[in-house]
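Take a look at the structure set out below.
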Amino acid sequence: MDPRYSRQILFPPIGMEGQRKLGLGRVAIVGMGALGTVLANHMVRAGVGYVRIIDRDFVDKSNLQRQMLYDEDDASATIPKSIAAAKRLQLVNSNVEIDPHVCDLNATNAEGLLHDVDVILDGTDNFAVRFLLNDVSMKLGIPWIYGGAVASRGVSLTIIPDRTPCLRCLFPQAPAAGTTDTCDTAGVIGGIIHVVASYQATEALKLLVGATDQLNLNMQQWDLWFNQNSAIRVSGAKKSDCPACAHKQYEYLDAHIESDTIQSLCGRNSVQIHPIIPSTHPLEYWEERLQPLGLVEKNRFLLKFHASDDIQMIIFPGGRVLIQGTEDLIQAKSLYSRYIGM
């Protein structure tokens, strides 16, 4: 056994047999921002055999305060987060298979990306994607671990299909836009990220080694700045009329409407447009097409087109576009139609 795991093996609840199970384990981490980078660090260093990392975004300098796998070079070069993370993680543990995906998790690809793992870890920052994870979990019978952090507050919950309440038992609908804090409106301190993600990671290790009797099935909440923590018992919250876990209606997996393909990214002053039919054009095609119209910067992962002083369009392979500088969906669609074509 690799000596790097010696201290973990000395911990009796894991031991040699638990370490062997970790080496056979498969996890998917959705979102490689603050929570996701800590989660990935824990999984890879613990020796989980296969780690799939999924993120649609690229590294920005504002990420560096709390997203621990990235550096200034990644931000300057506009490297996709999953690519930058995979490069760092492979240096940490070359025995782990790290499978990075630069894509937006949505109803068209979620089952394909998540069907073959043992645990799904939530590193996202919005309820629409979490409800999608919940649908996949309930449909395919895969446990997932919800986590969220903003300001100095954090929350985590382990969700086991057919055993615990699912997310929609607790939150039937996503909070209305603008009613919850985000990192861009309330800020965030790094410590709460590590508390939440480390808790999620430990619950994942319990699942992977089979220590299901040790799972904490309460909803854990913390506020590090104001010295508060609580455990809310949710075992009685499982609803007989829940659309997801009771009626097996997977509304977020079945959605194929415009609102799923055109989204304002809360707090980012950006709109994402995801074509229903992926584009087959390489980035070089867009570089040649857009260079006469404005400044173009390209690496092998994406292309940035400066449509004006205030508007940038980030084009990914497959045709997904982030339009930075506006939250107006109509303006974003107009720009997309003008430069890309609807």
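Just the heavy atoms: all of them, side chains too, but no hydrogens, waters or symmetry mates, feed the values below. Along the sequence shown, residues are numbered consecutively beginning with 1.
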Modelled atom types, side-chain donor and acceptor of [X] and [Y], under 3.5 Å:
X      : Y      : answer
His306 : Glu297 : yes
Arg45  : Asn41  : yes
Gln272 : Arg320 : yes
Thr37  : Gln67  : no
Asn134 : Tyr250 : no

Min side-chain heavy-atom separation [X]-[Y] under 4.5 Å:
X      : Y      : value
Val38  : Ile193 : yes
Asp122 : Arg130 : yes
Leu303 : Val296 : yes
Leu22  : Tyr5   : no
Val155 : Gln220 : no
Phe301 : Leu283 : no
Cys245 : Arg168 : no
Met219 : Leu170 : yes

Check: [X] side chain, [Y] main-chain N or O, donor-acceptor pair, under 3.5 Å:
X      : Y      : answer
Asp118 : Ile142 : no
Glu97  : Tyr50  : no
Glu327 : Asn269 : yes
Asn93  : Val44  : yes
Glu203 : Asn216 : yes
Ser6   : Pro3   : yes
Arg66  : Ser62  : yes
Gln8   : Ala46  : yes
Thr164 : Ile160 : yes
Ser156 : Tyr146 : yes

Could you check whether atom [atom1] of [X] has more than 12 heavy atoms from other residues, nucleotides or ligands sitting under 6.0 Å from it?
X      : atom1 : result
Asp162 : CG    : no
Glu284 : CD    : yes
Gln65  : CD    : yes

Examine [X] and [Y] and state if one hydrophobic cluster contains both, with Ile, Leu, Val, Met, Phe, Trp and Tyr joined whenever side-chain heavy atoms are less than 4.5 Å apart.
X      : Y      : value
Leu295 : Leu293 : no
Leu140 : Leu133 : yes
Leu24  : Met16  : no
Val117 : Leu205 : no
Leu157 : Val196 : no

Taking Asp241 first and then Lys239, would you say they form a salt bridge - that is, a charged N and a carboxylate O separated by under 4.0 Å? no
Run the numbers on Val271 and Ile262 for side chain to side chain contact (heavy atoms under 4.5 Å, CB included), then give the verdict. CA-CA 7 Å; Val271 172; Ile262 303 178; 4.1 Å; yes
Determine, step by step, whether Ile192 and His194 satisfy the side chain to side chain contact (heavy atoms under 4.5 Å, CB included) criterion, reporting the C-alpha distance in whole Å, the side-chain angles of both residues, the deciding distance to 0.1 Å, and the verdict. CA-CA 5 Å; Ile192 191 61; His194 285 264; over 6 Å; no
Parallel, tilted or perpendicular: rings of Tyr252 and Phe131 (30°, 60°): tilted
For Asp310 and Ser308: C-alpha separation, side-chain torsions, deciding distance, then whether side-chain hydrogen bond (donor to acceptor under 3.5 Å, both in side chains) applies. CA-CA 5 Å; Asp310 301 319; Ser308 69; 5.1 Å; no
Pair Trp222 and Tyr199, ring centroids less than 6.0 Å apart: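 Centroid distance Trp222-Tyr199: below 6.0 Å, so yes.
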Please report the closest heavy-atom contact between Cys103 and Asn109, naming both atoms and the distance.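 Where Cys103 meets Asn109 most closely, the heavy atoms are SG-ND2, 4.3 Å.
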Would Asp223 and Asn229 count as a side-chain hydrogen bond (donor to acceptor under 3.5 Å, both in side chains) here? Give the steps. CA-CA 6 Å; Asp223 191 320; Asn229 64 81; over 6 Å; no
Go through the steps for Ile145 and Leu39 under the test side chain to side chain contact (heavy atoms under 4.5 Å, CB included), then give the verdict. CA-CA 11 Å; Ile145 305 175; Leu39 287 167; over 6 Å; no
For the [atom1] atom of [X] and the [atom2] atom of [Y], what is their distance to the nearest 0.5 Å?
X      : Y      : atom1 : atom2 : answer
Asp254 : Asp135 : CG    : CG    : 7.5 Å
Leu167 : Met138 : CG    : CE    : 9.0 Å
Leu114 : Ile120 : CG    : CD1   : 4.5 Å
Ile54  : Asp104 : CD1   : CG    : 10.5 Å
Ile9   : Glu17  : CD1   : CD    : 11.0 Å
Met43  : Arg52  : CE    : CZ    : 15.5 Å

Exactly one of Glu287, Glu288, Arg289 should register a side chain to side chain donor-acceptor pair (under 3.5 Å) with Tyr285. Which one does? Arg289
Criterion side chain to side chain donor-acceptor pair (under 3.5 Å) against Asp74, the qualifying member of Lys87, Arg88, Lys81: Arg88
Begin from the C-alpha positions of Thr78 and Val59 and carry the test side chain to side chain contact (heavy atoms under 4.5 Å, CB included) through to its verdict. CA-CA 6 Å; Thr78 322; Val59 182; over 6 Å; no
Decide side-chain hydrogen bond (donor to acceptor under 3.5 Å, both in side chains) for Thr326 and Asp328; before the verdict, give the C-alpha distance in whole Å, the side-chain angles of both, and the deciding distance to 0.1 Å. CA-CA 5 Å; Thr326 183; Asp328 186 324; 5.4 Å; no
